[in-house]
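Working notes for the structure below.
Both backbone and side-chain heavy atoms feed into the values below; hydrogens, waters and symmetry mates do not.
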Amino acid sequence: MRIRQRLLLLAAVHLILLSNVVSAQNAIHPVIPGDFADPSIIRADNKYYAIGTSSEWAPHFPIYTSSDLINWKQTGYLFDKAPAWTMGSFWAPEYDYHDGTYYIYYTARRKKDQISCIGVATSKYPDRGFVDHGVIIDHGKEAIDAFVFLDKGIRYMTYKAYGLDDRPIEILGVKLSKDGLRSEGEPFSMLKDDQRKGLEGQSILKKDNYYYLFYSAGNCCGIQCDYNVGVARSKSFEGPYEKYAGNPLLAENASWKCSGHGTFAEGANGKLYYLYHAYNKQTALFSGRQGMLAELIWPGQNEWPLLKEQSGPELNPDIKLSFKDSSLDLGWQWDFRNSGTLVSQNAENLHLSGKVNDDNLAGIALTRRPVSGVFEALTTVVNSNNALKGLTYYGDATAAVGVGVTGNTVQFWSVQNKANKILASAHLPTNELVQLKLKTTADLRITAFFKQGNQEWQELKVTEEPKAESLTQWDRSPRIGLHFKGKPAEEAVFSSFDLKYMPQQN
């Protein structure tokens with residue numbers, strides 16, 4: 001009897017281990033982890049370049065490079081400084097190339113009237129040196145989500161219109177000038193959202209006798225999102241397009257939800273791949289819409305296509321920076337709308353300072369794109385002045401939490417509902433360097449710690465810990481990073497920044 005029980009136990013353990021192996025093999029990982037929405041991709045000189053939405057973070061529109069569509073590295077940004085005509089909402093960039101020039105068409109909100117328009121920038125290189133040429137598409141209350149298609153020698157711009165009107169959204173098309181910097185003639189309607197479910201993020205391919213228009217339907221962003229990828233086709237580029245009865249091609253699965261807004265590139269194997277975004281169900285709004293990959297499959301001639309999800313590599317997302325050289329890491333971002341951020345590095349330290357707007361209660365945040373909302377961030381502050389210097393978990397100028405040093409005091413603070421609160425504080429007993437830690441838990445609580453020298457970490461205890469859920473914004477994830485709040489002549493000086501992610505479970 002004991003032998004039989006032991007054999008049954010061994011069999012059960014074997015099944016559990018086998019189940020875990022199969023689960024790990026079937027796991028779908030992003031190819032570009034963290035907040036990287038609305039990606040556009042282009043192949044150039046046997047490399048791939050991808051650019052994505054940056055919303056209200058600067059520098060604007062991060063650019064990644066890959067040799068195999070699976071392993072990606074950030075190599076730059078479209079703009080270090082926002083074009084003069086813009087004020088924010090940097091969304092949905094789109095690559096194009098012709099006549100020796102790379103084009104990026106992008107959405108931004110226009111400063112003079114706060115209307116979202118489509119602008120264009122050009123360069124001889126796919127990841128640097130872009131020069132802005134201003135607005136190319138201005139249509140009513142909103143024009144967003146550019147996509148360019150070459151048909152019978154003529155380039156067309158397609159875009160989303162009427163998203164802010166009391167009428168169905170439409171995908172419109174318009175002819176582009178030969179130099180790609182102007183539209184010509186009147187726009188025409190290609191696909192209409194008669195059911196008013198949401199329609200945007202289009203990408204078009206020609207196959208056999210049809211033009212296939214891939215689109216995103218539903219609500220793109222936030223906790224109530226229901227985005228998915230559908231397809232429609234027509235024998236004419238201008239339409240009318242017939243939607244596929246088997247839609248959606250990409251929808252919610254066990255790990256991911258709200259898939260959408262992507263473009264295609266040909267792999268080295270001759271197959272087509274779709275780079276798009278989706279929310280991880282476990283990390284959700286705290287990791288944002290991450291860069292995903294799917295293979296496009298054509299079952300047969302003139303048949304409707306399929307999209308098969310692909311997995312990226314399982315990477316260690318932890319960060320450990322020591323600021324040993326003068327080059328600023330490309331992963332840093334900041335909220336350009338609410339402050340003038342000044343940041344530099346020397347051989348030992350990172351220096352952060354700048355001036356904030358009058359209604360900015362949170363101060364200056366130099367942040368990283370997170371891959372989870374459960375983490376432990378650490379830094380060492382090496383200078384002493386009256387400015388507040390430390391760590392912050394930052395959603396916006398009106399929604400932030402942090403821990404910092406000011407004078408000989410360490411503070412645990414929050415900004416919420418247009419109020420700045422000191423949640424807890426402690427006196428620093430010595431003039432030694434101060435190490436700070438900001439930690440989050442799976443149930444969204446935020447805790448703060450400090451220590452000097454060889455002492456143990458001391459928690460800044462509060463009656464009710466702040467919750468990270470108050471930091472999320474509808475179109476972007478909150479960021480964790482370094483913090484400064486003080487007079488423009490002051491600065492914060494840091495010798496290190498570490499970010500370690502924790503398991504999601506409690």
Take the angle between the ring planes of Y274 and F214 and call it parallel below 30°, perpendicular above 60°, tilted in between. tilted
Under 3.5 Å side-chain donor-acceptor pair for Y159 and E94: no
Using salt bridge (charged side-chain N to carboxylate O under 4.0 Å, His left out), reason through K197 and D226 one step at a time and then give a plain yes or no. CA-CA 10 Å; K197 291 184 176 180; D226 57 0; over 6 Å; no
Does the pair R476/D396 count as a salt bridge with the N-to-O cut at 4.0 Å? yes
Minimum heavy-atom separation for W332 and W334, please, with both atom names. O-CZ3, 4.2 Å
Do I171 and Y215 have side chains that approach each other closer than 4.5 Å (heavy atoms only, starting at C-beta)? no
Would you say Y103 and V148 make side-chain contact, with heavy atoms under 4.5 Å? no
Within 45° cone and under 6.0 Å: K175 NZ/CZ vs Y156 ring: no
Nearest heavy-atom neighbours spanning N383 and V493: OD1-N, 3.0 Å
Would you call D193 and K160 a salt bridge, taking side-chain N to carboxylate O under 4.0 Å as the test? no
Step through the shown structure and confirm whether more than 12 heavy atoms of other residues, nucleotides or ligands are within 6.0 Å of NZ on K47. no
Relative to each other, are the rings of F90 and H60 parallel, tilted or perpendicular (30° and 60° limits)? tilted
Can you name the side chain to side chain contact (heavy atoms under 4.5 Å, CB included) partners of I422, sequence neighbours left out? Q411, W413, S425
Does some side-chain heavy atom of P466 sit less than 4.5 Å from a side-chain heavy atom of Q416? no
Please name all residues satisfying disulfide (SG to SG under 2.5 Å) with C225, sequence neighbours left out, ordered by chain then number. C258
Heavy-atom side-chain contact between T122 and L181 under 4.5 Å: yes
Using the rule ring pair (Phe, Tyr, Trp, His ring centres under 6.0 Å), only one of F36, W72, Y77 pairs with Y64; which is it? F36
Are the ring centres of Y227 and H261 closer than 6.0 Å? no
Note: A121 and F79 closest approach over all heavy atoms is CB-CZ, 3.8 Å
Student check: side-chain heavy atoms of S203 and F149 closer than 4.5 Å: no
Less than 4.5 Å apart, side chain to side chain, heavy atoms only: is that true for W91 and D475? yes
Flag, side chain of D165 to backbone of R167, donor-acceptor distance under 3.5 Å: no
All N/O donor-acceptor pairs, side-chain side in residues 386-394, below 3.5 Å, sequence neighbours left out:
unit_1: K389; atom_1: NZ; unit_2: N385; atom_2: O; d: 3.2
unit_1: K389; atom_1: NZ; unit_2: N385; atom_2: OD1; d: 2.8
unit_1: K389; atom_1: NZ; unit_2: A387; atom_2: O; d: 2.7
unit_1: K389; atom_1: NZ; unit_2: V405; atom_2: O; d: 3.2
unit_1: T392; atom_1: OG1; unit_2: V401; atom_2: O; d: 3.0
unit_1: Y394; atom_1: OH; unit_2: D335; atom_2: OD2; d: 2.7
unit_1: Y394; atom_1: OH; unit_2: A397; atom_2: N; d: 3.1

Can R479 and D35 be counted as an ion pair, charged N to O under 4.0 angstrom? yes
